[in-house]
Structures are given as C-alpha cells and as structure tokens.
Amino acid sequence: MTIPLSTLIRTRREAIIERFVGELRKRSAAVRNMPKPLIINSLPNFLDEVAASLEQRASTAGSKEAAREHGEMRWEHGLDLGVMVREYGVLRQSILRELEEAGITPDVRQIEALSERVDAGIAQAVSEHTRLQLEAIETERRRTEIERGRSGSLLAQAPAPICFLKGEALVFELANPLFCRMVGRDDLLGKPLVEAVPELRGQPLHAQLEAVLASGEPSVASEIPVRITRWTGETVERLYNVLCKPVHDVSGAVEGVMVTAFDVTEQIGARRKAERLALELQQSVAQRLRAEQALRVNEERFRKALRGSPVMVFTQDRDLRYTWMHNSFGKSEREVLGKTDGEVLEDPEAARSLDRTKRDVLASGVGQRREIAVRAGGRTQHIDASIEPLTDDTGEIIGITCTATDITERKSIEQALRASEARFRTVQEASPDGFMMLRSVRDASGAISDFEWVYVNPATGPIVGGRGKDLEGKRLSVEVPGSALASAFDAYARVVETGEPARVELFCAHEGAPRTFRAIAVALGDGVGISFHDITEQKRTDAERAQLLDQEQRARQHAEQLNRLKDEFLATVSHELRTPLQSILGWARILRTGEVDAESLERGLATIERNAKAQSQLIEDVLDASTIIAGKLQLRTDPVDVRQVLATALDLVRPAALAKGVAVDISVADDVGIFLGDAERLQQIVWNLLTNAVKFTPSGGQVRALARRVEATLEVEVEDNGEGIPKSFLPFLFERFRQADGGMTRAHGGLGLGLAIVRHLAEAQGGSVHAESDGEGKGARFRVRLPIRAEALAAPPSPQRRGGDAQGGAARRVLEGIRVLVVDDETDARELLGIIFVRAGATVSEAASAGAALEALRMGQFDVLVSDIGMPGEDGYAMMRRLRALGADVPASGIPALALTAYTRMEDRRQAIAAGFQMHLAKPIEPNSLVTAVAHLVGRAGKRGSWP
C-alpha cells in the first residue's frame with residue numbers, strides 16, 4: 001500500500017509524539033524529569049510544517065519557524081546543543097518506526113526529503129540557540145565592563161588597600177593608592193605579583209592568593225604578617241586582616257582575585273601590651289595572695305604541730321625568765337611564765353646546770369646542745385635540750401629559745417640494745433655464716449668515701465684472707481684493697497643511701513680453693529651489715545645442671561634438625577625416584593601400543609635408558625652414604641694412573657656436558673706420576689665434582705679440572721663459572737642431605753649427597769676437600785688434596801665404577817655355544833636376562849625358584865649359573881650352599897656362578913663369595929657388562945673364573 005509520507009505524518013502525529021517523548025526520556029537524562037508539554041514544545045507545529053513542505057515539495061524554509069521557536073525555548077530552559085541534536089535524531093527514528101508499524105515502505109526520495117527537512121530543523125534550532133547564547137555573552141561582557149569601570153573609580157577612593165590580580169601569574173590589573181603605599185611601589189600594573197613585589201614569595205599572603213585562585217572559594221586571614229622591603233633597603237613588617245575574593249568570568253571560571261587588606265598593626269600592638277600588663281598585674285596579685293596564704297598555712301601548721309607534739313619549746317629573756325612556752329616540764333603557763341629555772345624545776349642541781357649553759361649562750365651568741373637528767377617525782381627524766389640565742393630585728397641578743405625532748409624512753413631502749421648486742425655477738429661468734437658490720441666514712445661533701453669495720457665474726461675469715469677481730473676499727477680500702485669484698489663498695493654505699501637491701505656474689509680463694517659466697521647487705525644506721533653464706537657447692541651443682549641442660553637442649557636441637565633433614569631427604573628421594581619412573585612408565589606404555597614411528601621409538605628408548613641410569617645413580621649415592629655412615633667403607637691401595645682416572649671421569653660426564661652445552665677441559669701436570677690409593681674412589685670423587693659443576697653451569701659455560709702435585713700431595717681442582725654458592729651456605733656445603741635450594745621449587749635435582757660423599761672419600765684416604773666461591777653467579781672452585789704415599793713406574797688400569805658401556809651396536813656373540821641357567825623369581829627379570837644372553841649367542845634356560853634351579857642342574861648340563869639372591873622360600877645364598885654341598889655326585893655342583901642382585905653392600909658381596917658364587921654384580925647392569933662378566937667366568941675373556 002502506498003500512502004504519502006505527509007499523510008502518514010498528519011494522521012499518526014499523536015502516535016509519533018508519544019513515541020518521541022518515551023524514547024527521549026530513556027536516552028536523555030536532561031529531559032527525563034521534564035513535564036511533557038515542555039518536552040513536546042513546538043513539535044506539533046514542526047510536524048505540520050514538515051508535512052506541508054512534503055506535500056508542496058517546497059524548500060525547507062517551511063520548517064524553520066517551529067525549529068527557531070524550539071531552539072529559543074531550549075535556550076530558555078538551559079538545555080545545551082547536544083540535547084537538541086539528540087531530540088531531532090529521536091524524532092527521525094520515531095517517524096520511521098511508525099512507518100514500519102504501519103507496514104509502509106517509503107521510497108528513497110521520500111526518506112531523503114524527510115531527512116532534508118529534519119536536518120534543516122536541526123540547523124535552524126542550533127542557529128537560534130547559538131544566537132541567543134552569543135547575545136547573552138555579549139550582554140554579560142558589557143555589564144562586566146560597566147561594573148569594572150564603576151569598581152575602578154570606587155577602588156581609587158577606598159579607605160583600605162585594594163588590588164585585583166588576574167590569571168595564574170597573579171598579574172596586577174588594579175591597585176589603589178593605598179595598596180601601592182602598602183607595598184612601597186607605584187609601578188605594579190601589568191606585572192606579576194612575584195615580579196612586582198618579589199619579597200612576598202613564600203609569605204602567608206602569597207599562599208592565601210594561590211589557594212583562592214585554585215579553589216575558587218573566598219578566604220579571610222586575620223593578623224597575618226606582611227614583610228616589605230622599602231627602596232631604602234629597610235624591611236618593614238606590618239599585620240593585616242586580608243580578604244581575598246575570587247572573580248569569575250562569564251563562563252564561570254576563576255579569572256582573578258580581588259584583595260582587600262586592613263592594617264591592624266597598631267591595634268594588635270595595643271591589645272598585646274594591654275594583655276601583657278593585665279597578665280603581669282594578675283601574676284603579681286596572685287603571687288602576693290599565695291605568699292599570704294602560705295604564711296597563714298605555715299603558722300597554722302606550726303600551731304597544730306606544737307599542739308600535739310611532746311617536744312618542749314620555750315623562750316627566756318636575758319634574765320632567763322620564761323616569756324613563752326609550750327609543754328614546759330608538764331606545767332601550765334601560770335606555773336612557768338615570768339619565773340626562772342630555779343623556781344620551776346624541783347632538782348636544784350639540774351637548774352644550776354641549765355642556768356650555766358644558757359648564760360654561756362647569751363654571752364657567746366653560739367647555740368649549745370646538752371643532755372640533762374632531771375629527778376622529779378621519784379624518777380629520773382632524761383632531756384635532750386637545744387639552746388639557741390634569740391635576737392631582735394637589729395640582731396641584738398634579747399634572750400634564748402630552747403627546744404627540749406624527753407629521751408628517757410630512748411635511754412631505756414639504748415640500754416636494752418646494749419644487752420641485745422651482747423646476745424647478738426654471742427650468737428654471731430658461733431654462727432657458721434660470716435657476718436660483719438661496716439660504718440660509713442664520709443668526705444667533706446657528705447659522700448661515702450670508705451667503710452670502717454665495726455664488727456667481724458670468725459666465720460668471715462675466708463673472705464678477708466683469714467683475718468678477723470684485728471680488722472675492727474680499720475678502713476676497708478686500706479686493709480683489703482682490690483679484694484672481692486672491696487669490689488662491691490658501690491653496692492654497700494647504695495644500701496646505706498637508699499635503705500634498700502642488696503644481694504651480691506663474691507668470688508675468692510681460700511687455702512688454694514675457689515669459694516663463692518652470697519652476701520646480703522642491709523642498712524644499719526649510717527652503715528651496713530653484711531651476712532655471707534658459702535654457696536660454693538650450690539654453684540657447682542647449678543653449673544653442672546646448667547651444663548647438662550645446655551647439652552640436652554643442643555642434643556634436642558640437633559635431633560630436631562636431623563629429623564627435619566631426614567624428612568626433607570625422604571621427600572627429595574621420593575621426588576627424585578618417582579620423576580624418572582614417570583618417564584619410564586609413560587614411554588613404556590606408549591611403545592606398547594605399537595603406534596609409534598622409528599624416530600619416536602628411538603627417542604622413547606633413549607628416554608627410558610637415560611632415566612633408568614639416573615635412578616640407578618641415585619640408588620648408588622644412597623648406598624654409598626649408608627656405607628659411609630655405618631663406618632663400613634673399605635678402600636683398596638693400588639698404584640693408580642691419575643691421568644687415566646681423570647680421562648675416564650671425563651668420558652662419563654661428557655654426554656651430560658654436551659647435551660647442556662658446557663665445555664669441560666681436563667689437564668694433568670707432568671710431575672703427578674702414580675698415585676697410591678683407591679682408583680675407584682678417586683674416580684668417584686672426580687666424577688662427582690665434574691657432574692656437580694656441569695649441573696650448576698649454564699649453557700655456554702666452562703668447567704676446568706686440573707691435577708697437580710704439591711709436595712707429597714695430589715691436588716685435584718675443579719672450577720666452573722656457573723651459579724656460584726651463597727656465602728651463607730658455604731659452611732654447610734659438605735653436609736649430608738643439605739642443598740642451598742632445598743624447596744619444592746628448586747631448579748636442580750639430586751639428593752644433596754654427592755659433595756658429602758666426596759668429603760668422606762677424601763677424608764677416608766687421609767685427604768681433605770675445600771670449596772670457594774665469590775658469591776651467587778660468580779662460579780665455584782673445589783680443591784681435593786690426597787697424600788700420594790708412594791710411587792710406582794706403572795699401574796694396572798683402574799676398574800670403572802660408574803657409567804656404562806658405549807652406546808650403540810649389538811653385543812658381540814661372545815657366548816656362542818654357552819649354556820646359561822638364569823634363576824630369578826621375577827618373570828620380567830628372567831625374560832630380560834634371557835634376551836641378553838640369547839643375543840650374545842648363548843642357550844638359555846630359566847628357573848623361577850631355588851628348588852627349580854637345583855632340579856634343573858641335576859637333570860641338565862649347563863656352563864654357567866646366573867642367579868638372583870633375594871627370592872621367596874629359599875634365597876640365592878642357601879641355594880648355592882646346597883649346590884656346592886652336592887659334591888662329585890652331581891657334576892653341576894662346581895658350575896661357575898654369578899650373583900646378580902640389588903643387595904650391593906660390601907658385606908653382601910662377601911656373603912655371596914662365601915656361599916660359593918665366583919662373582920657378585922649389582923643390579924641394574926648394562927647388558928654388555930653382564931655378557932663380558934659371564935664370558936670371563938666361562939673362560940671366553942681370559943683365565944676361567946677370574947674377574948678384575
């Protein structure tokens with residue numbers, strides 16, 4: 001159906017408007033909450049104008065009026081151009097959606113005409129919006145200029161310093177005369193603040209201006225100092241209250257800062273002076289009040305003290321008549337005042353003695369202290385009297401003042417103390433503990449400078465060199481200088497000064513035997529009493545207990561460390577043994593499928609062989625360590641060609657070095673000669689050091705080995721430029737199971753046994769091994785020294801302990817026609833041995849137990865017996881003993897026999913030979929080596945039954 005686009009717009013105008021309002025509210029947050037009439041605005045008129053222009057096929061001028069009105073209304077409501085453009089886009093989509101729902105497909109010309117008229121509306125609305133915006137900006141600019149002109153005239157007449165600073169550089173645009181006078185300059189306009197007044201940089205005013213410019217917020221600062229340097233060079237500082245107000249341009253951005261300052265220097269000075277005077281007056285009044293209050297308090301305190309005090313206080317005039325009294329001899333004031341001592345005291349002798357003393361004080365003006373005994377009421381009263389002259393304001397003596405204390409009770413106590421002292425001496429003389437009393441000796445300043453013996457009991461003899469009573473009355477520093485007793489001088493002095501007891505231990509020798517005493521010092525008046533207890537035996541017991549505890553703790557720590565190392569070692573062993581097993585089992589299962597090419601087959605077999613050798617090497621290391629730990633290491637002493645041993649070690653390590661890209665170089669000095677020792681163990685030492693060096697040297701690195709003679713010592717040095725050794729790990733390098741990187745993330749495998757084995761093998765031959773490294777990344781150097789012991793002109797070749805047969809090539813058929821009986825309870829092992837011997841040309845029979853093997857030997861004829869040791873029911877040792885015991889009745893009883901077993905200790909070898917085996921080989925073994933050994937047994941490779 002074909003309907004003109006203009007007709008659709010007219011008939012569906014309300015639907016288009018509703019769709020437009022809904023879509024616009026979804027898409028524009030600016031109109032989301034705007035009332036619908038404001039959103040619609042002039043849209044109906046605009047749609048009518050568009051429809052009319054489409055019908056008349058007129059130009060776009062017909063849609064401009066409504067668009068202009070729309071732009072004006074949007075400006076009035078503060079909506080920006082982006083919102084208007086979005087509105088026309090929503091309108092175009094709303095019209096097209098209505099066409100789609102009506103099932104109408106307008107042609108391209110109608111769509112183009114609609115877009116042309118909508119675009120014209122957008123352009124007209126934007127133009128109107130922009131025109132109104134420019135008019136508003138121009139109006140604001142004119143208003144600002146008018147205001148600025150009016151502000152300039154006001155600034156000039158302002159009674160305070162005012163300026164206007166513009167922009168980030170704070171350029172002066174306005175500055176009234178008072179501001180110019182404030183900064184001492186009149187050429188400010190057009191200059192930045194720090195250029196016109198450079199001394200303001202860093203002052204509080206400068207910081208305030210920058211803060212207002214950055215924040216756009218006004219700021220008020222009170223009493224800030226402003227320092228200005230005058231043209232004369234004088235620096236003047238004044239205090240100002242400063243108001244800084246931001247000035248915004250028409251866009252709302254901060255254009256500059258208006259500054260108004262009020263000089264408050266004189267006001268602040270006057271206020272501070274008034275405050276200072278007020279404070280001084282207040283302090284003066286308070287001080288006087290405190291003095292008066294203190295005087296009243298002291299007077300009241302004195303009265304209260306006297307009221308409850310038993311001390312007698314009285315004054316007498318020059319005629320020695322009482323003028324004032326407190327508690328005088330237990331009499332009332334009426335009985336005492338105005339009278340003399342002769343009239344007051346009942347004891348005439350005491351009265352005359354007091355009278356003489358008081359007159360001496362009046363005559364000399366020097367106070368005296370006397371102890372007087374007064375008899376009254378049938379008893380004697382002891383009085384301690386202190387008599388001082390009493391003077392008037394002119395210093396003339398007008399009488400005396402006396403303070404007297406009843407010391408009758410003290411006298412009784414002193415008498416009791418003397419009796420107690422006698423008892424104390426009796427007890428101390430018989431005490432097994434030493435005891436002495438020392439009296440302080442003080443210098444002119446009152447400080448304790450020495451001690452003097454007051455009492456020494458007999459038990460103190462060992463401490464003072466066997467002396468005793470003869471020390472009483474003598475000085476400590478004079479009689480026993482430098483002794484243990486004198487060394488505690490400071491402790492005794494502290495006891496006297498503080499009253500706090502002290503414990504001191506003294507060490508001395510008596511009659512040639514060391515003794516230890518615990519001294520307890522306590523204050524006794526102006527001296528110290530010291531008790532000494534002999535703790536020599538206790539100290540010895542404590543020392544033994546501490547030593548045992550320390551030994552126990554060290555043993556426990558060592559055990560804990562060994563236990564931790566054991567756990568780490570077991571975890572490492574598990575990891576190192578399981579890792580090659582993974583590759584062996586994985587490749588074996590892949591190869592069993594038969595779905596592999598020749599290249600994969602070769603790679604798989606090489607991987608299985610390499611990992612089996614690695615696992616065998618790990619087992620050998622563990623067995624070597626076990627032999628060493630058990631102390632069962634046995635060494636041979638034969639002439640050894642050092643050059644050949646090093647060459648063999650190099651052959652063993654060369655494949656690993658080539659695979660890693662590490663160059664290995666070995667050199668032997670001409671004067672080395674022949675070493676007398678264990679060739680197998682020497683080769684093991686060199687091989688371990690070379691393997692270790694290759695392992696820790698990155699690709700492209702170098703390993704160097706050198707053998708030389710140093711006097712009577714063979715010195716082998718292995719050096720690399722690899723990872724090096726941390727300084728902290730060097731002391732533990734040769735310990736069993738210790739590795740610098742022992743965690744789960746370690747970069748290198750191994751059990752941490754190689755270097756420990758090297759050390760034990762070297763020490764077992766009377767030598768030593770030493771390691772050096774400059775740190776991580778700087779390589780390492782190992783140096784082994786072994787005594788040469790003796791020399792010989794030639795030496796037999798040393799047997800090769802480690803490594804295997806050369807790679808490649810099948811074993812020669814050296815066993816052609818040989819009949820071999822293989823005995824092993826493991827089916828896989830029997831089948832493997834059968835294949836090896838058949839490939840060498842032999843005829844093979846198999847037996848799964850010792851009984852089956854003996855039965856086969858009785859029934860058949862064989863040239864050689866190859867048997868396992870560990871089998872269920874009856875082991876290889878018992879089988880061989882039974883076979884040899886058969887004698888001449890059974891021809892096979894003398895058959896050559898080889899023990900092929902995983903029991904590889906030296907005692908296992910000895911037990912096998914003792915049981916009747918001619919040869920003992922350890923599993924696993926290379927096929928060629930096994931064939932060669934059997935050939936030796938049957939006489940195909942030298943003398944029958946011999947084996948080097």
Side-chain angles (χ1 to χ4, degrees), residues 616 619-620 622-638 678-681 684 764 796 798-801 818-826 829-830 833 846-858 862-925 929-948:
S616 174
I619 295 172
E620 280 199 38
V622 173
L623 293 176
D624 282 342
S626 175
T627 301
I628 291 169
I629 293 171
K632 298 181 179 180
L633 178 67
Q634 294 186 355
L635 299 173
R636 297 172 56 182
T637 303
D638 298 313
D678 192 322
E680 182 180 3
R681 295 305 182 182
Q684 186 177 0
S798 303
Q800 178 177 309
R801 179 177 182 271
I818 300 300
R819 294 163 296 181
V820 181
L821 176 60
V822 175
V823 184
D824 200 308
D825 61 304
E826 292 288 341
R830 291 197 308 273
L833 293 175
E846 298 178 4
S849 65
L854 291 173
E855 184 65 26
L857 288 169
R858 288 191 183 95
F862 299 95
D863 298 307
V864 65
L865 170 67
V866 178
S867 175
D868 188 16
I869 295 297
M871 295 182 292
E874 185 176 14
D875 60 22
Y877 300 140
M879 179 196 73
M880 185 53 62
R881 284 192 292 270
R882 287 178 59 192
L883 176 63
R884 297 305 188 205
L886 293 176
D889 295 339
V890 178
S893 62
I895 187 172
L898 182 151
L900 183 62
T901 175
Y903 294 104
T904 62
R905 298 173 301 172
M906 186 60 67
E907 52 264 39
D908 298 324
R909 178 186 179 90
R910 287 197 299 268
Q911 188 174 357
I913 299 302
F917 287 99
Q918 279 78 29
M919 190 178 297
H920 176 278
L921 295 180
K923 293 180 180 179
I925 187 171
S929 298
L930 177 61
V931 170
T932 301
V934 172
H936 273 276
L937 279 178
V938 298
R940 292 288 178 91
K943 184 178 179 181
R944 180 182 179 90
S946 65
W947 183 249

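Heads up: numbering here begins at 1 and tracks the sequence.
- Between I895 and L857 the shortest side-chain heavy-atom distance falls below 4.5 Å.
- Applying the side chain to side chain donor-acceptor pair (under 3.5 Å) definition to pairs two or more places apart or across chains, those involving residues 872-882 are E874-R882.
- Here OG of S849 is found 8.5 Å from CG of L854. Values are rounded to the nearest 0.5 Å.
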*Take D824 and M871 through the test side-chain contact (heavy atoms from CB on, under 4.5 Å) and record every step on the way to the result.*
CA-CA 7 Å; D824 200 308; M871 295 182 292; 5.5 Å; no
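- The main-chain N or O of E846 is never found under 3.5 Å from a side-chain atom of R830 such that the two would form a donor-acceptor pair.
- The shortest non-hydrogen separation linking V823 to L865 is CG2-CD1, 3.6 Å.
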*Go through the steps to decide whether S867 and M879 satisfy the test side-chain contact (heavy atoms from CB on, under 4.5 Å), and finish with yes or no.*
CA-CA 9 Å; S867 175; M879 179 196 73; 3.4 Å; yes
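- Looking at L833 and V820, their side chains never come closer than 4.5 Å, going by heavy atoms from C-beta outward.
- Summarising the geometry, atom CE belonging to M919 is positioned 4.0 Å from atom CG belonging to L937; distances are rounded to the nearest 0.5 Å.
- A side-chain donor-acceptor contact under 3.5 Å links H920 to the backbone of Y903.
- The shortest heavy-atom contact between R884 and A897 is NH2-CB, 3.8 Å.
- Across every non-hydrogen atom of S893 and G887, the tightest pair is OG-O, 2.6 Å.
- Between atom CG of residue L898 and atom CG of residue L921 there is a gap of 4.5 Å, rounded to the nearest 0.5 Å.
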*Where do T901 and D908 land on the side-chain contact (heavy atoms from CB on, under 4.5 Å) test, with the steps shown first?*
CA-CA 9 Å; T901 175; D908 298 324; 6.0 Å; no
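- Between G870 and D825, the shortest heavy-atom contact is O-OD1, 3.5 Å.
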*Working for side-chain contact (heavy atoms from CB on, under 4.5 Å), residues I869 and Q911*: CA-CA 11 Å; I869 295 297; Q911 188 174 357; over 6 Å; no
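- Considering every non-hydrogen atom in both L883 and A892, the closest pair reads CD1-O, 3.8 Å.
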